[in-house]
Amino acid sequence: MTALAQNYNQPLYERALQVKHTVIAASVTLYAGTLCMNDAGVAKVYTAAGIAGGAKLLGFPTSTHTNSVASNVTLTQPMMFRRGCPMEISAKSGDEPTIANVGGNVYLKDNFTVGATDAGTDLAVVLLEVLSASKMLIALP
């Protein structure tokens with residue numbers, strides 16, 4: 001599966017952390033319910049390469065944010081991201097986590113995909129539940 005380029009309605013649980021950020025990258029859409037990162041002070045779509053390069057996980061935004069201009073933009077109102085909560089995410093085709101992985105680490109591949117194996121630069125998260133062969137429930141740190 002490839003990175004998701006649309007909104008995804010996440011289940012909202014009582015416990016979660018709220019992370020706020022005000023600078024959105026040039027020419028980007030941060031879709032609600034998909035993973036984002038803080039790359040040198042700029043909110044971007046999550047990539048494993050970005051995290052390996054030092055970017056920080058923001059979590060998933062609660063609404064979609066679009067910057068259609070060719071430069072970074074500082075927003076007047078902060079974007080809200082959720083962390084410290086469960087998140088539904090797709091399984092990477094060919095590297096799907098199984099029931100044997102529940103309670104252990106699985107690895108973020110892009111903004112909406114998790115796999116059973118670490119490519120060496122992937123961010124580890126805990127698998128909470130296998131919802132189907134292609135959908136997983138993970139715990140965002």
Side-chain angles (χ1 to χ4, degrees), residues 1-99 101-141:
M1 174 155 279
T2 59
L4 193 66
Q6 65 185 34
N7 293 336
Y8 189 86
N9 292 324
Q10 291 293 339
L12 300 180
Y13 294 85
E14 292 300 319
R15 182 184 173 274
L17 303 172
Q18 182 172 272
V19 178
K20 296 179 181 181
H21 201 289
T22 57
V23 181
I24 187 169
S27 305
V28 71
T29 297
L30 306 177
Y31 291 100
T34 66
L35 292 172
C36 298
M37 63 184 182
N38 177 1
D39 187 8
V42 180
K44 297 180 177 180
V45 173
Y46 176 96
T47 64
I51 294 295
K56 282 115 183 120
L57 177 67
L58 287 171
F60 63 84
T62 57
S63 59
T64 298
H65 303 281
T66 300
N67 179 6
S68 57
V69 299
S71 60
N72 299 342
V73 171
T74 300
L75 305 171
T76 56
Q77 295 295 316
M79 298 172 284
M80 305 293 184
F81 299 89
R82 290 177 65 92
R83 286 191 56 177
C85 61
M87 177 185 179
E88 286 185 18
I89 194 164
S90 292
K92 181 178 185 210
S93 180
D95 189 27
E96 296 90 344
T98 67
I99 195 75
N101 298 105
V102 171
N105 287 341
V106 291
Y107 304 91
L108 298 176
K109 302 300 182 180
D110 58 37
N111 76 330
F112 201 71
T113 310
V114 67
T117 58
D118 183 3
T121 57
D122 298 333
L123 183 62
V125 295
V126 174
L127 180 63
L128 298 175
E129 183 180 356
V130 175
L131 301 170
S132 72
S134 63
K135 281 281 190 246
M136 306 291 142
L137 187 67
I138 61 170
L140 284 181

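Quick note: residue numbers are just sequence positions, from 1. All values reported here derive from a predicted model rather than from experimental measurement. Heavy atoms only: backbone and side chains are in, while hydrogens, waters and symmetry mates are out.
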Counting only N and O atoms by type, is there a donor-acceptor contact under 3.5 Å from the side chain of Thr113 to the main-chain atoms of Asp110? no
Ser71: side-chain contact (heavy atoms from CB on, under 4.5 Å) partners, not counting sequence neighbours: Val69
Hey, does the side chain of Arg83 reach the backbone of Leu17 with a donor-acceptor pair shorter than 3.5 angstrom? no
What distance do Asn67 atom CG and Asn72 atom CG have between them, rounded to the nearest 0.5 Å? 7.5 Å
Which donor-acceptor pairs under 3.5 Å do side chains of residues 36-48 form with protein atoms, sequence neighbours excluded?
from	atom 1	to	atom 2	distance (Å)
Asn38	OD1	His21	NE2	3.4
Asn38	OD1	Gly41	N	2.9
Asn38	OD1	Val42	N	3.3
Asp39	OD2	Lys44	NZ	3.0
Thr47	OG1	Gly50	N	2.9

Least distance between heavy atoms, Ala91 atom then Met136 atom: CB-CE, 3.8 Å
Not counting sequence neighbours, list each pair that qualifies as a salt bridge (Lys or Arg N to Asp or Glu O under 4.0 Å) and has a residue in residues 45-59. none
I'd like to check Phe81 versus Leu57 (side-chain heavy atoms, cut-off strictly below 4.5 Å). Are they in contact? no
How far apart are the closest heavy atoms of Phe60 and Cys85, and which atoms are they? CE2-SG, 3.9 Å
Aromatic ring proximity Phe112/Tyr8, centre distance under 6.0 Å: yes
With heavy-atom distances below 4.5 Å as the criterion, would you say the side chains of Met79 and Ile24 are in contact? yes
Side chain to side chain donor-acceptor pair (under 3.5 Å) against Asn7, all qualifying residues, sequence neighbours excluded: Thr64
With a 4.5 Å limit on heavy-atom distance, are the side chains of Ser63 and Met80 in contact? no
Listed partners of Ser27 passing side-chain contact (heavy atoms from CB on, under 4.5 Å), at least two apart: Ala70
Donor-acceptor pair, side chain of Gln10 and main chain of Glu88, under 3.5 angstrom: yes
Quick one, Leu58 and Leu35 - any side-chain contact, counting heavy atoms below 4.5 Å? no
Which residues share a side chain to side chain donor-acceptor pair (under 3.5 Å) with Thr29, sequence neighbours left out: Thr66
Which donor-acceptor pairs under 3.5 Å do side chains of residues 116-130 form with protein atoms, sequence neighbours excluded?
from	atom 1	to	atom 2	distance (Å)
Thr117	OG1	Asp95	OD1	3.1
Thr117	OG1	Asp95	OD2	3.0
Asp118	OD1	Gly120	N	2.7
Asp118	OD1	Asp122	N	3.3
Asp122	OD2	Lys109	NZ	2.4
Asp122	OD2	Ala119	N	3.0

Side chain of Asn111, backbone of Leu4: donor and acceptor closer than 3.5 Å? yes
Is there a side chain to side chain contact (heavy atoms under 4.5 Å, CB included) between Leu137 and Met87 once you walk through the steps? CA-CA 6 Å; Leu137 187 67; Met87 177 185 179; 5.8 Å; no
CD1/Ile89 to CG/Leu108 distance, rounded to the nearest 0.5 angstrom? 5.5 Å
Among residues at least two apart in sequence or on other chains, which ones pass side-chain contact (heavy atoms from CB on, under 4.5 Å) with Ser132? Ser134, Lys135
